[in-house]
Amino acid sequence: MKPYVICLMHASLDGRTHPSRWRPKGGHGDWFEKIHDRLGGDAWVIGRVTGSEFAKGKPYPQTSGEKFPRENWFARRDGDTYGVVLDAHGKIGWGRSDIGGDPIVVVLTESVPDSHLAGLRGEGVSYIFAGKSEIDLAMTVEILNRELGVKRLLVEGGGVANGAFLRAGLIDEFNLILSPAIDGARGAPFVFDSTEADSDKRAPLSAMTLESTQDLGGGVLLLRYLIQNDPARHLQHA
C-alpha cells in the first residue's frame with residue numbers, strides 16, 4: 001500500500017533552496033520546521049547529498065569478513081517518526097542512529113558491500129533494500145508502509161530526490177514555502193531537479209490544484225497544491 005506523499009520545500013522566488021545565498025538576507029524564519037511539524041508525517045525522506053549533511057561519521061571500512069543477506073534489517077520499529085535517507089550505493093558513514101530523535105532508515109540497493117551493512121548494523125542504523133543497482137522509489141514507499149506502518153511520508157529534498165519522486169508519479173501534494181528573496185546566480189539547487197541521465201524525462205502530472213494559500217507574515221507564503229498523476233503516461237515514459 002502506498003503512503004500519502006507530501007513534498008515540502010522552502011524556496012526563493014526563483015525556486016532555489018539555499019537560504020544563505022538569498023538576497024535580501026535574513027527574515028525567512030524557521031518556517032520549514034514549523035510546517036514540517038504541522039504536516040505530521042510518519043516519516044520524512046531526503047537524498048544522499050542532503051543526508052550527508054547530517055552524518056557525523058566517516059565512510060565504513062571497505063572490507064568485512066562478515067556476509068549479510070540482502071534483506072531489510074531494522075534496529076528499531078518503535079519510532080514515532082522515521083528519517084529515511086536514499087543512499088543507493090552506501091556512501092554515508094553515519095556516526096549516529098537518529099536525526100533529531102527520529103531513527104534513521106537508509107534505503108540501499110543490493111550492490112552495496114557487506115562492509116557497509118556491518119557498519120550500519122554496528123551503529124544501530126536500520127536499512128531496507130529497494131532495487132538491484134538503482135533505487136525503486138515505488139518499492140521504497142511500499143516497504144516503508146508495510147514494515148514500519150508509514151501512512152504519511154514527507155519528501156524534503158534535495159532537488160534530485162524530489163525530482164525522482166515527482167517523475168515516479170508518487171507525490172500527492174506539494175507544500176511550498178515561498179520567501180520574498182531571490183538567489184539570482186548559477187550553482188544553487190532547485191526545488192525539483194534531475195541527474196544528467198534523467199534530464200529528458202518529464203513527470204506524469206495530469207493536474208495541479210491550488211488547495212490553499214496562507215500568508216505566514218513578512219511576505220512569506222505557504223502554497224498548498226494537490227497533484228494528480230497519470231499512471232498511463234508514467235508507464236509510457238518510464
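Computed from a predicted structure; not experimentally measured.
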I'd like to check [X] versus [Y] (side-chain heavy atoms, cut-off strictly below 4.5 Å). Are they in contact?
X    : Y    : answer
D193 : N162 : no
L221 : I177 : no
L8   : V155 : no
H18  : P189 : yes
H36  : L154 : yes
V160 : V49  : no
V45  : E156 : no
K2   : L170 : yes

Partners meeting side chain to side chain donor-acceptor pair (under 3.5 Å) with H10 (sequence neighbours left out):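 H10 satisfies side chain to side chain donor-acceptor pair (under 3.5 Å) with S179 only.
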List the residues meeting side chain to side chain donor-acceptor pair (under 3.5 Å) with D136, not counting sequence neighbours, and say none if there are none.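 D136 satisfies side chain to side chain donor-acceptor pair (under 3.5 Å) with no other residue.
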Walk me through whether I227 and L205 qualify under side chain to side chain contact (heavy atoms under 4.5 Å, CB included). CA-CA 7 Å; I227 291 178; L205 302 181; 3.4 Å; yes
If every non-hydrogen atom of [X] is compared with every non-hydrogen atom of [Y], which pair is closest and at what distance?
X    : Y    : answer
L117 : P69  : CD1-O, 4.5 Å
Y127 : E71  : CE1-O, 3.5 Å
G124 : S97  : O-CB, 3.6 Å
G219 : P180 : O-CD, 3.6 Å
A181 : S12  : O-CB, 3.3 Å
G184 : D14  : N-OD2, 2.8 Å

Pick one: which of F68, W94, Y60 meets ring pair (Phe, Tyr, Trp, His ring centres under 6.0 Å) with H116?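 Answer to the ring pair (Phe, Tyr, Trp, His ring centres under 6.0 Å) test with H116 among F68, W94, Y60: Y60.
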Determine whether the aromatic ring centres of F174 and F192 lie less than 6.0 Å apart.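 Yes, close enough.
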Would D114 and K67 count as a salt bridge (Lys or Arg N to Asp or Glu O under 4.0 Å) if you check the C-alpha gap in whole Å, the side-chain angles of each, and the deciding distance to 0.1 Å? CA-CA 6 Å; D114 290 295; K67 298 289 184 187; 3.8 Å; yes
Surrounding CG of D80 (heavy atoms of other residues, nucleotides or ligands, distance under 6.0 Å), is the total greater than 12?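 Not more than 12 within 6.0 Å, no.
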Please determine whether the number of non-hydrogen atoms from other residues, nucleotides or ligands lying under 6.0 Å from atom NZ of K34 exceeds 12.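 It does: K34 NZ has more than 12 such atoms within range.
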Distance-only donor-acceptor hits, side chain of residues 99-112, under 3.5 Å, sequence neighbours excluded:
unit_1 : atom_1 : unit_2 : atom_2 : d
D102   : OD2    : W44    : NE1    : 2.9
T109   : OG1    : A88    : O      : 2.7
T109   : OG1    : S111   : OG     : 2.8
E110   : OE1    : K132   : NZ     : 3.2

I would like to know whether T140 and F129 meet side chain to side chain contact (heavy atoms under 4.5 Å, CB included); could you show each step before the answer? CA-CA 8 Å; T140 298; F129 291 99; over 6 Å; no
Verify salt bridge (Lys or Arg N to Asp or Glu O under 4.0 Å) between D98 and R76, making sure each step is shown before the conclusion. CA-CA 10 Å; D98 68 83; R76 291 180 57 187; 5.7 Å; no
Start with the C-alpha gap between D87 and R48, add the side-chain angles, then the distance that decides, and say whether side chain to side chain contact (heavy atoms under 4.5 Å, CB included) holds. CA-CA 5 Å; D87 189 16; R48 180 184 62 81; 3.3 Å; yes
In terms of hydrophobic clusters joined by side-chain contacts under 4.5 Å, are [X] and [Y] together?
X    : Y    : answer
L153 : L137 : yes
L39  : L222 : yes
I171 : I35  : no
I6   : I46  : yes
V5   : V85  : no

In Å, rounded to the nearest 0.5 Å, how long is the span from [atom1] of [X] to [atom2] of [Y]?
X    : Y    : atom1 : atom2 : answer
R167 : D198 : CZ    : CG    : 4.5 Å
N145 : I143 : CG    : CD1   : 11.0 Å
Y82  : E147 : OH    : CD    : 10.5 Å
S206 : M208 : OG    : CE    : 11.0 Å
S212 : N175 : OG    : CG    : 7.5 Å
L148 : R146 : CG    : CZ    : 10.0 Å

Tell me whether the NZ or CZ atom of R96 lies within the 45° cone about the ring axis of F54 and under 6.0 Å from its centre.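 No, R96 does not sit over the ring of F54.
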Evaluate D172 against L226 for side chain to side chain contact (heavy atoms under 4.5 Å, CB included), listing each step before the verdict. CA-CA 6 Å; D172 301 296; L226 301 184; over 6 Å; no
Could you go through D230 and Q228, starting from their C-alpha distance and side-chain angles, then the distance that decides it, and tell me whether this counts as side chain to side chain donor-acceptor pair (under 3.5 Å)? CA-CA 7 Å; D230 183 345; Q228 281 181 276; over 6 Å; no
Would you say the side-chain atoms of R121 pair up with the backbone N or O of W73, donor to acceptor, closer than 3.5 Å?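 No: the side chain of R121 does not pair with the backbone of W73.
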Under 3.5 Å donor-acceptor, T17 side chain and A11 backbone: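 Absent.
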Check whether the side chains of E173 and Y4 place a donor and an acceptor atom closer than 3.5 Å, and report yes or no.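 The criterion, which ignores hydrogens and geometry beyond distance, is satisfied for Y4 and E173.
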Do D183 and R21 pass the salt bridge (Lys or Arg N to Asp or Glu O under 4.0 Å) test, and can you show the C-alpha distance, the side-chain angles, and the key distance before you say yes or no? CA-CA 6 Å; D183 184 305; R21 296 168 50 109; 2.7 Å; yes
